[in-house]
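None of the values given here were measured: they were computed from a predicted structure.
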Amino acid sequence: GWRCNGGGHYVTKEQRTQVEPGANSADAEQKAKLASKLRQIALCPLGFEWHREGKGWRCDGGHHYVTDGELAQFEAEVEAKEKDRLLAKLRLVGKCPQGYEWRREGNGWRCGGGAHYVDDVQLAQFDAAEATAAPTSKPGAKLRQIAPCQQGYEWHREGEGWRCNGGYHYVTDEEMAKFDAQLEAEEKARLAAKLRQIGNCPQGYEWHRDGEGWRCNGGGHYVKDEELARFDAAAGVAGSKAAAAAGFSKQPRPPAHPHR
C-alpha cells in the first residue's frame, strides 16, 4: 500500500483500486509491461512489484531503483531496435534493392524511392510465416552456457531476452546473438584449419563453397565434401584411441572408503 510522509495515514492496494475507475484490465496490462521493463533494467531476480519513489521506481523489496532517465533510455533503445527490425522486414517483403528508408502511407509502407509498397496484410503474413518457421524448442543449452544457471532451471521469454524460471539469470537477445556469432566464427576457423591440412594450401587463402566441396580463394586447391568427411572420421578414431591409451575410457575406480 501507500503511507503519507506524516506517517498517520495508510491506503491499501485494495482501497486504492476501489476509488480508481481506471483500475481495469488495460491498466493491469500497462502495469505488467512497465514491471517487465524495470526488471530488465535493474535485473531484480525475485520479481517484486514496483512503486513510485522520487524521480523513478523502486522494487518493493527495496534493493533496486530505476530512474526515469534510465527508463526513458531503455525505451528509446527498444524503439530503435524495433525500428531496425521493421526496416529489415520491409526490405525483405518489398524487395527494395537500394536500401531506402520507409514511410507510412495509407494501410502500409512505401520505400523512399517510391517504387515499392508493403501493406499491413503482407507484413502480418510475413510475421506469421516467420513465427511458424521458428523453432519451438527453447534454447536452454545455449542460455545456460551464457549465464551459468547452476540449478538447471527452464527459461521463459521476457522482454528483449530470456529469464530462467528461478528468476536469477537474464540473457538479452543481443548477448545471444554475440554468442551465436562467436560459435560460428570458431566453427569457421576449425573448418578452415581442416581444409588447409587436407588441401595443402601453403598461401593460407580463405576458402569458399564450390559445388560439392570447397575451393581456396587462390583457385589452386579443392577439397571435396567426402574428403572432409573421411578426415573427420579419421580424426574421431584417432581421438578415441588416444583417449583409450591415456586411460580415459576406463571406468573410474571406486573410492577407498565409500560413504555409507
Side-chain angles (χ1 to χ4, degrees), residues 20-43 47 50 57 66-143 146-147 154-165 170-185 187-188 208-210:
E20 286 186 350
N24 50 29
S25 59
D27 290 334
E29 183 179 354
Q30 190 67 23
K31 185 178 179 182
K33 288 180 180 178
L34 173 62
S36 176
K37 292 178 191 176
L38 292 168
R39 279 194 290 270
Q40 290 177 65
I41 301 169
L43 298 178
W50 294 73
W57 297 83
V66 177
T67 66
D68 291 338
E70 290 173 317
L71 185 58
Q73 182 180 352
F74 176 83
E75 289 174 337
E77 290 173 357
V78 170
E79 185 180 351
K81 289 177 183 177
E82 187 60 35
K83 183 180 178 182
D84 289 341
R85 281 194 290 268
L86 174 62
L87 287 174
K89 288 191 289 187
L90 288 169
R91 291 188 183 117
L92 281 169
V93 180
K95 298 178 181 178
C96 178
Q98 289 83 2
Y100 288 118
E101 293 295 313
W102 292 72
R103 65 180 187 272
R104 189 72 181 165
E105 183 178 303
N107 292 324
W109 298 82
R110 185 171 297 281
C111 76
H116 303 89
Y117 184 79
V118 176
D119 61 43
D120 293 337
V121 174
Q122 289 174 292
L123 207 55
Q125 289 172 345
F126 178 86
D127 288 338
E130 194 175 53
T132 303
T136 55
S137 59
K138 296 178 181 179
K142 284 195 289 186
L143 289 165
I146 301 170
E154 292 297 311
W155 295 71
H156 61 270
R157 190 73 184 163
E158 182 177 311
E160 297 284 321
W162 297 82
R163 185 176 295 282
C164 79
N165 287 350
Y170 186 78
V171 176
T172 65
D173 291 337
E174 186 177 351
E175 289 174 313
M176 181 79 87
K178 287 180 181 178
F179 180 81
D180 288 339
Q182 183 180 348
L183 286 184
E184 186 178 350
E187 185 60 34
K188 185 177 179 181
H208 60 271
R209 190 73 182 162
D210 186 349

Evaluation steps, side-chain contact (heavy atoms from CB on, under 4.5 Å), between V66 and F74 = CA-CA 11 Å; V66 177; F74 176 83; over 6 Å; no
Scan the side chains in residues 178-185 for donor-acceptor partners under 3.5 Å anywhere in the protein, sequence neighbours excluded, and list what turns up.
{"from": "D180", "atom 1": "OD1", "to": "K142", "atom 2": "NZ", "distance (Å)": "2.8"}
{"from": "D180", "atom 1": "OD2", "to": "K142", "atom 2": "NZ", "distance (Å)": "3.4"}
{"from": "Q182", "atom 1": "NE2", "to": "E186", "atom 2": "OE2", "distance (Å)": "3.3"}

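- Every salt bridge (Lys or Arg N to Asp or Glu O under 4.0 Å) that E105 has, sequence neighbours left out, goes to R103, R110.
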Using residues 79-88 as the side-chain source, report each donor-acceptor pair under 3.5 Å to any protein atom, sequence neighbours left out, with the distance given to one decimal.
{"from": "E82", "atom 1": "OE1", "to": "R85", "atom 2": "NH2", "distance (Å)": "2.8"}

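- Distance check: L90 CG to Q122 CD gives 10.0 Å after rounding to the nearest 0.5 Å.
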Tell me, with the steps shown, if D173 and R157 meet side-chain contact (heavy atoms from CB on, under 4.5 Å).
-> CA-CA 10 Å; D173 291 337; R157 190 73 184 163; 2.5 Å; yes
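- For the pair L92/F126, a side-chain contact is recorded, criterion being any heavy-atom separation below 4.5 Å from C-beta on.
- Between W57 atom CH2 and T67 atom OG1 the span is 13.0 Å, to the nearest 0.5 Å.
- Proximity of K31 to L34: side-chain heavy atoms (C-beta onward) are nowhere separated by under 4.5 Å.
- Here Y170 contributes atom OH and I146 contributes atom CD1; the two are 12.0 Å apart, rounded to the nearest 0.5 Å.
- More than 12 heavy-atom neighbours from other residues, nucleotides or ligands sit within 6.0 angstrom of CD on E75.
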Worked verdict on E160 versus T172 for side-chain contact (heavy atoms from CB on, under 4.5 Å) = CA-CA 6 Å; E160 297 284 321; T172 65; 5.8 Å; no
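- To the nearest 0.5 Å, the span separating CE on M176 from CH2 on W162 amounts to 6.5 Å.
- Using a 4.5 Å cut-off on side-chain heavy atoms (C-beta onward), K89 and D127 make contact.
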